[in-house]
Amino acid sequence: AMYLLSQTAYFFSAFESLLPESYTAAEYARRGFFEMCAVAAINLCIFFGAYILEKRGEENRIQGLTKGLLTFLTVFTLVLIITSFSKMYMYIDRFGLTRLRVLTSCFMIMLFLVFVVLLLKLFIGKLPYMKIIIILAALTLCSISYSDIDTQIAKYNTNRYFKEPQKEIDIEAIYNLSEAKIPYLIELCEKGNKTVKKDVSYYLADMIYTYGEYDQNKDIYEFDTGFKFISYNKTRNNAVALIEQIYKKSGQEIFDLMRQNDEYYDYRSLR
């Protein structure tokens, strides 16, 4: 309790979107996450150790001072998880989503629910807490697997840019996603400001080089959008078709903008 009170400004400044001195948003979020993981792991060991070794009262419940201390320890961990999540939320609010930020946020939500179950276990002796925890972990994994997070990340970042253009958008973070990113990169290229168009053109040109095959006789790129029974992937096929459309519509403009980028490389000569 003394430690929490002494570090109040550090722990809770994220709720007011304030960064402690000498911290960046990324450092603040990362440090908060790893601190939370370390403390949660230690407190889990203490909880299960005490639960196994302590004598039980009626209905298999922890009694006396041990119950009070474990309750405090569990509530403290819940508060720490909430503050860590607030730091991550502040980071996301400033710079948008990435796959890693989504996964760490999902992990924190799951961990929060785990400690809620452990807290209930202290007061409900017959609660099948391990079954509930396993179900929570399975549901979290299934939700991540089936929610198509790459599409949701690209969609969120793109919509955020158009609604709040004063905030930064990380084009490279979108580019590092799967083929689900293509429609949103094209939208940014068509509707974004000059700087965004220039950055997006660099990555769109790279995808033209990656998915297209250069025909020297015709001096054009051709794309294979045919159906392949064994290797067919709907998202990838749709992405290749969209790249072909943008190449035919604005290919020369994309290449011209790409050459203005400081990171431009002559891919054709490299090949």
| said: Give me each pair satisfying side-chain hydrogen bond (donor to acceptor under 3.5 Å, both in side chains) with a member in residues 37-46, each pair once, sequence neighbours excluded. | reply: N43-T77
| Which pairs with one or both residues in residues 172-186 pass side-chain hydrogen bond (donor to acceptor under 3.5 Å, both in side chains), sequence neighbours excluded? | D150-S178, Y175-D206, E179-Y211
Which heavy atom in [X] sits nearest to a heavy atom in [Y], and how many Å separate them?
X    : Y    : value
C106 : T140 : O-CG2, 4.2 Å
G192 : F162 : N-CE2, 4.3 Å
L242 : P183 : CD1-CG, 3.6 Å
L127 : K121 : O-NZ, 3.1 Å
L122 : K67  : O-CE, 3.4 Å
K197 : L188 : CG-O, 4.2 Å

About how many Å separate [atom2] of [Y] and [atom1] of [X], when rounded to the nearest 0.5 Å?
X    : Y    : atom1 : atom2 : result
S84  : M108 : OG    : CE    : 4.5 Å
D199 : I174 : CG    : CD1   : 11.0 Å
R31  : T24  : CZ    : OG1   : 11.5 Å
L80  : F115 : CG    : CZ    : 9.5 Å
L97  : Y91  : CG    : OH    : 11.5 Å
M110 : L136 : CE    : CG    : 8.0 Å

| Y129 atom OH: more than 12 heavy-atom contacts under 6.0 Å | yes
| Just wondering, are more than 12 heavy atoms of other shown residues or ligands nearer than 6.0 Å to NZ in K249? | no
| query | Should the pair Y221 and Y247 be assigned to parallel (<30°), tilted (30 to 60°) or perpendicular (>60°) ring geometry? | reply | perpendicular
Grouping I, L, V, M, F, W and Y whenever their side-chain heavy atoms are under 4.5 Å apart, do [X] and [Y] come out in a common cluster?
X    : Y    : answer
L119 : F48  : yes
I81  : V116 : yes
L103 : I153 : yes
F223 : I220 : yes
L120 : F72  : no

| message | Determine whether I182 and I186 satisfy the following criterion, side-chain contact (heavy atoms from CB on, under 4.5 Å), listing intermediate values before the conclusion. | response | CA-CA 6 Å; I182 303 296; I186 291 173; 3.8 Å; yes
| field | Residue pair L177 / T98, side-chain heavy-atom distance below 4.5 Å | value | no
| query | Are any of the side-chain nitrogens in R30 or E27 under 4.0 Å away from the carboxylate oxygens of its partner? | reply | no
| Any luck finding a side-chain donor-acceptor pair between Q152 and D148 under 3.5 Å? | no
| request: Applying side-chain contact (heavy atoms from CB on, under 4.5 Å), run through C189 and L204 and close with a yes or a no. | output: CA-CA 9 Å; C189 186; L204 285 177; 3.7 Å; yes
| message | Let's go through V114 and I132 carefully: what are the C-alpha distance in whole Å and the side-chain angles of both, what is the deciding distance for side-chain contact (heavy atoms from CB on, under 4.5 Å) to 0.1 Å, and is it a yes or a no? | response | CA-CA 8 Å; V114 166; I132 296 173; over 6 Å; no
| message | Does I92 form a side-chain contact (heavy atoms from CB on, under 4.5 Å) with S105? I'd like the steps, not just the answer. | response | CA-CA 10 Å; I92 291 169; S105 299; 3.9 Å; yes
